[in-house]
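Written below as structure tokens is the structure these notes are about.
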2 protein chains.
Amino acid sequence: MKRFFILIMFFFISFGGAAFGDISKERWGTSSLMVIVERTAGSVIVIDSSQHRFLGRVGGLGNLIHATVKFSNNGRYAYVIARDATVSKIDLLTLKLVKKVKAGLDSVGGVMTQDGKYIALSNYVPGEVRILDADTLETVKQIPAIREYPDGNKIQSRVVGVLDAPGNLLIFSLMDADAVWVVDAGKKDFPVIKKFLDVGKTPYDALVTPDGRYYLAGFLNSNWMGLLDTWELKEVKQILTQRDEQTASDVPLWKIPHLKGWAIAGDLAVLPALKKEWALVYNNKTWEWVKNVPLEGTALYTVAGPDGRYIWVDLVGKNGDLIQVIDMKTQKVIKTLNPGKGATHPQFTAKGRNVYISLMDEDKVVVYDANTFEKIKEFKAKTPSGIFSTERVYKFGM
Amino acid sequence: MKRFFILIMFFFISFGGAAFGDISKERWGTSSLMVIVERTAGSVIVIDSSQHRFLGRVGGLGNLIHATVKFSNNGRYAYVIARDATVSKIDLLTLKLVKKVKAGLDSVGGVMTQDGKYIALSNYVPGEVRILDADTLETVKQIPAIREYPDGNKIQSRVVGVLDAPGNLLIFSLMDADAVWVVDAGKKDFPVIKKFLDVGKTPYDALVTPDGRYYLAGFLNSNWMGLLDTWELKEVKQILTQRDEQTASDVPLWKIPHLKGWAIAGDLAVLPALKKEWALVYNNKTWEWVKNVPLEGTALYTVAGPDGRYIWVDLVGKNGDLIQVIDMKTQKVIKTLNPGKGATHPQFTAKGRNVYISLMDEDKVVVYDANTFEKIKEFKAKTPSGIFSTERVYKFGM
């Protein structure tokens, strides 16, 4: 009998709850997963957005007040990059933390290389791009962001906006050295192949267009954006950002808008305007200003659905609980939603049927039908913030 | 001892080979799977393209001489639609056939609705759109493609090019009745909400642009294509297809080019030209002809990478073993590859790092590095043809 008991125990330990309804032993596809950051809890929750089904929570990820999530090419692993440069690798099939490393002291984000082999981090401290092997999370390269001036002075700059681009490139900006650098991630030892200097004052973030064609840097202290054509790699062109004489609003800017939140919709780009109560519409071929769309507050994220028809705008500060929807057919707000307190980070599901929104100050995630604008589902979550879809596997700069 | 033996057997049966290296018990993400049709064997093989790893084969799928593959939103299930209207649902995590139904007598393809709930088939016989529940594969609706003429005459037409579009629409063409119909798949009972008549003679296939904005129908017997703006649903505009006086080639057209293979790259569309030895370049905003790109044979598929930089062109007939690559920067062929006999169906991996190609007459699938054009891997396969990536989960019209 004792032997029988030991045997039973052995099989339970070996096979876990496989046959006993434990969700961690169930199987699911990874193509419609939403990984949602619980900022104060230091955890993420994982939802299958094809069925709006809560799968589980993974904790112990460090300080996630500012965090971003990347994915392995096969969708199996999520990489959570925390502000303190902790990188956590999560198995999305078992919902287990499989590896955690400290890859610097202060990091503002990162990206998966085009080939899926490496994660590159934008580090503030030390000022560098740090490249990790996506399998092992071992550091394979540190690229110090040191600019040497003609007078011999050297500055090691904070790095922002490291993004991947076609040709297996990595492009990033030097916040304290006003530069944009290009690395060839397909070559041995990750050489810096281009340095564009004095492109604008204090770059703070960047985006690449969904096709990887253009790298666009935002500047804190210049009245333009910087545009680099990744097919040409010739120059960082100036794109003026303030085209009209409307007065500045008095809304305090709580955070710097993330450029990755900018919407590219067909021929147009819809951008949040710093400190203004409108969205800026640009032609994304000529990068000429088209118009302003008045909003009820300052936009933090402007998110386009996959069809480019509607832009869901996340307001911050005044009316921060609202989400406004711009119809790109008329280029006007056609819907103002009030999902709840601290509504933020709208994220579309595959082909744009639904939109997930975090209610940071209500401990909920809500789901809308993107065609009818009706709320169809809600989930409990602990101070949820960023929502990251596994669709990012296919997207440059994500 | 006997009880011990029974217990061991019980656990082996319950848990299969989980701990013993049986690949069917392993786990993988579904975001980089390639499902490749083995046309004469009536099977598909499944490869994880993130590691170029063969996962397995699923057989018993009927006649796959002409077949297409759709995916569930979560990437877990593949639906193989055979020419005889057999629809097979495959679990991509276990590589098992989980359901097979006969959904007509003769079918040329189908599509997953925007909401992921239904598969709609373009049936020749009977002439209809047939809508299946994606979970159960039960028929939930048949929409007979019957056009009634003013003289009282009725024709039940073959249906081609059923595609999904934003707003949860289904759009399809009536081959024998020269019409394009629109169905609202979000409404009860799937009403036909628009019928465009006499749009061109004998529509044979269609595409939607990647953003779902335009539905483009090809006609066998009209010298134009038909363009429907899915935001407006107002008219099917005529887009002329023959803009110059070059003489027709004498290459026999073996098959009708599938419009889904047409490349949309930035502002340009690159299309195979029926019976000609060039690719047609159009502006995809104005749909005006831009130029012809000379090829060494007739194009069957023109496939754009995710960055729109290179178009991989699959030739058919003369020089059918060649794949030519057009660089959209110069709009010229910059590379001619000779992968092997019957090279066809180039398919990009996530973010365009690699290209999979079937060698139909060499029983192989080969993999190229899309940046260096070097062959990096090959797999055995039985007369492979269509290659379908799970990226299609996110794409309209796929």
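To find a chain, count down the sequence lines: A is the first, B the second, and so on, and within it residues start at 1.
Between Lys329(B) atom NZ and Trp231(A) atom CH2 the span is 8.5 Å, to the nearest 0.5 Å. Going from atom OH of Tyr77(A) over to atom OG of Ser50(B) covers 10.0 Å, rounded to the nearest 0.5 Å.
Most heavy-atom pairs under 4.5 Å with chain A: of the set Ser32(B), Ala265(B), Gly186(B), this distinction falls to Ser32(B). In terms of heavy-atom pairs under 4.5 angstrom with chain B, the leader among Glu232(A), Gln51(A), Gln114(A) is Gln114(A). Contacts with chain A were tallied for Asn168(B), Asp91(B), Thr390(B); Asn168(B) has the most, counting heavy-atom pairs under 4.5 Å. Considering only heavy-atom pairs separated by less than 4.5 Å from chain A, the leading option among Glu391(B), Arg353(B), Lys351(B) is Lys351(B). If you tally non-hydrogen atom pairs under 4.5 Å between each of Gly308(B), Gly116(B), Gly167(B), Gly212(B) and chain A, the highest count goes to Gly167(B).
In this structure, Lys332(B) places its NZ atom where only 12 or fewer heavy-atom neighbours from other residues, nucleotides or ligands lie under 6.0 Å away. Under a cut-off of 6.0 angstrom, the local environment of NZ in Lys117(A) is sparse, with at most 12 non-hydrogen atoms contributed by other residues, nucleotides or ligands.
Only the backbone of Lys395(A) comes within contact range of chain B, with heavy atoms under 4.5 Å apart. For Asp48(A), the part sitting under 4.5 Å from any heavy atom of chain B is the side chain, from C-beta outward, and nothing else. Residue contact with chain A, scored on non-hydrogen atoms closer than 4.5 Å, involves the side chain of Asp267(B) exclusively. Only the side chain of Asn371(A) comes within less than 4.5 Å of a heavy atom of chain B; its backbone N, CA, C and O stay farther away. The part of Asp164(A) that comes within reach of chain B is its side chain, from C-beta onward, which places non-hydrogen atoms under 4.5 angstrom from that chain. With a 4.5 Å cut-off on non-hydrogen atoms, Asp307(B) touches chain A through its backbone and its side chain both.
With respect to Ser31(A), the side chain to side chain contact (heavy atoms under 4.5 Å, CB included) criterion is satisfied by exactly one of Leu92(B), Leu33(B), Thr30(B): Thr30(B).
Side-chain N or O atoms of Arg76(A) include one that pairs as donor or acceptor with a backbone N or O of Arg27(B) at under 3.5 Å.
Considering only heavy atoms from C-beta on, Arg213(B) stays 4.5 Å or farther from Arg309(A) through its side chain.
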